[in-house]
Engineer: 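This is the structure I have questions about; it appears just below.
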Amino acid sequence: MKKLVLFLTVIMVMAFSSICMAADGGDLNKEQKVADTFIAALTSDNVNYDKVSANLSEGLKTKLNEKDFVGLKNDIKTKMGDLNQERFFSFERLQPNGQQDKLTYIASFTNEKMVAMVFVFDKDTKLVDFGLLTMKPQTEQTNAEANTTQQAQ
């Protein structure tokens, strides 16, 4: 009898904890779809600005109109090249009360081997900010300079 009660207790705890762990799953799925659409719009001609702007916050819509979006798309094409691949990297709640979320993707382009694509969303899963950060590997010379600087201090 004790084993049966213990077994049922363990099952209930596991079921309850799995529900709690998946609490952000809906937000994450929605935000990933928005980010995927935005990436597709920036790197291909298959997605137009109207589809992207439906997921932008009002503040970002005023900063990033269709003309600016096309300019950004052209800059990415000329400076970074074609998109080789992108992979989801992380999901973070930025504020404890759940007002903003941050999604990070790691991408590879023909001219830039590693680019972090960061997307910030509000509580309504509208995109409020984004950034593309190129990441360069630290070279041997840079490592030697950093060690020399640290030893001098």
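Values reported hereafter were calculated over all heavy atoms of this structure, with side chains retained and with hydrogens, waters and symmetry mates removed. None of these values were measured; they are calculated from a predicted model.
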Engineer: Please report the interatomic distance NZ(Lys30) to CG(Asp101), rounded to the nearest 0.5 Å.
Structural biologist: 11.5 Å
Engineer: Just verifying a value: how many Å separate Thr43 OG1 and Ile76 CD1, rounded to the nearest 0.5 Å?
Structural biologist: 8.0 Å
Engineer: Quick one: pull up CG in Leu127 and CG in Leu64 and give me the separation to the nearest 0.5 Å.
Structural biologist: 9.0 Å
Engineer: According to the salt bridge (charged side-chain N to carboxylate O under 4.0 Å, His left out) rule, which pairs have a member within residues 37-62, sequence neighbours left out?
Structural biologist: Asp45-Lys73, Glu58-Lys61
Engineer: Tell me every residue that passes side chain to side chain donor-acceptor pair (under 3.5 Å) with Asp82, counting only those two or more places apart in sequence or in another chain.
Structural biologist: Lys77
Engineer: Mind checking what makes salt bridge (Lys or Arg N to Asp or Glu O under 4.0 Å) contact with Lys67, not counting sequence neighbours?
Structural biologist: none
Engineer: Quick one, Leu94 and Val120 - any side-chain contact, counting heavy atoms below 4.5 Å?
Structural biologist: yes
Engineer: Taking only residues two or more places apart in sequence or in another chain, which ones pass side-chain contact (heavy atoms from CB on, under 4.5 Å) with Asn84?
Structural biologist: Ser108, Thr110
Engineer: According to side-chain contact (heavy atoms from CB on, under 4.5 Å), who are the partners of Asn74, at least two apart in sequence or on a separate chain?
Structural biologist: Val70
Engineer: So which heavy atom on Asp68 is nearest to which on Lys63, and how close?
Structural biologist: OD2-O, 3.3 Å
Engineer: Under the rule for side-chain contact (heavy atoms from CB on, under 4.5 Å), what residues qualify as partners of Phe88, not counting sequence neighbours?
Structural biologist: Leu28, Gln32, Phe91, Leu103, Tyr105
Engineer: Quick one: pull up CZ in Phe38 and CZ in Phe119 and give me the separation to the nearest 0.5 Å.
Structural biologist: 6.0 Å
Engineer: Are Leu60 and Val128 close enough, and set up right, to give a side-chain contact (heavy atoms from CB on, under 4.5 Å), and what steps lead you there?
Structural biologist: CA-CA 6 Å; Leu60 189 57; Val128 294; 5.8 Å; no
Engineer: For Ile39 and Leu83: C-alpha separation, side-chain torsions, deciding distance, then whether side-chain contact (heavy atoms from CB on, under 4.5 Å) applies.
Structural biologist: CA-CA 9 Å; Ile39 292 169; Leu83 178 69; 4.0 Å; yes
Engineer: Once you round to the nearest 0.5 Å, how far does OG1 of Thr134 lie from NZ of Lys79?
Structural biologist: 10.5 Å
Engineer: For Gly81 versus Asn111, what's the shortest heavy-atom pair and its separation?
Structural biologist: N-ND2, 3.7 Å
Engineer: For Glu86, enumerate each residue passing the side chain to side chain donor-acceptor pair (under 3.5 Å) test, keeping only those at least two apart in sequence or located in another chain.
Structural biologist: none
Engineer: May I have all residue pairs that pass salt bridge (charged side-chain N to carboxylate O under 4.0 Å, His left out) and include part of residues 32-42, sequence neighbours excluded?
Structural biologist: none
Engineer: Sequence neighbours left out, what pairs pass ring pair (Phe, Tyr, Trp, His ring centres under 6.0 Å) with at least one residue falling in residues 48-68?
Structural biologist: Tyr49-Phe69
Engineer: Considering only Ile, Leu, Val, Met, Phe, Trp and Tyr, and joining two whenever side-chain heavy atoms are under 4.5 Å apart, list the other residues clustered with Met114.
Structural biologist: Phe89, Ile106, Met135
Engineer: For the residue pair Met80 and Phe109, what are the closest heavy atoms and their distance?
Structural biologist: O-CB, 3.0 Å
Engineer: Nearest 0.5 Å, please: how far is CG in Asn29 from OG1 in Thr125?
Structural biologist: 11.0 Å
Engineer: Tell me every residue that passes side-chain contact (heavy atoms from CB on, under 4.5 Å) with Val118, counting only those two or more places apart in sequence or in another chain.
Structural biologist: Lys102, Thr104, Leu133
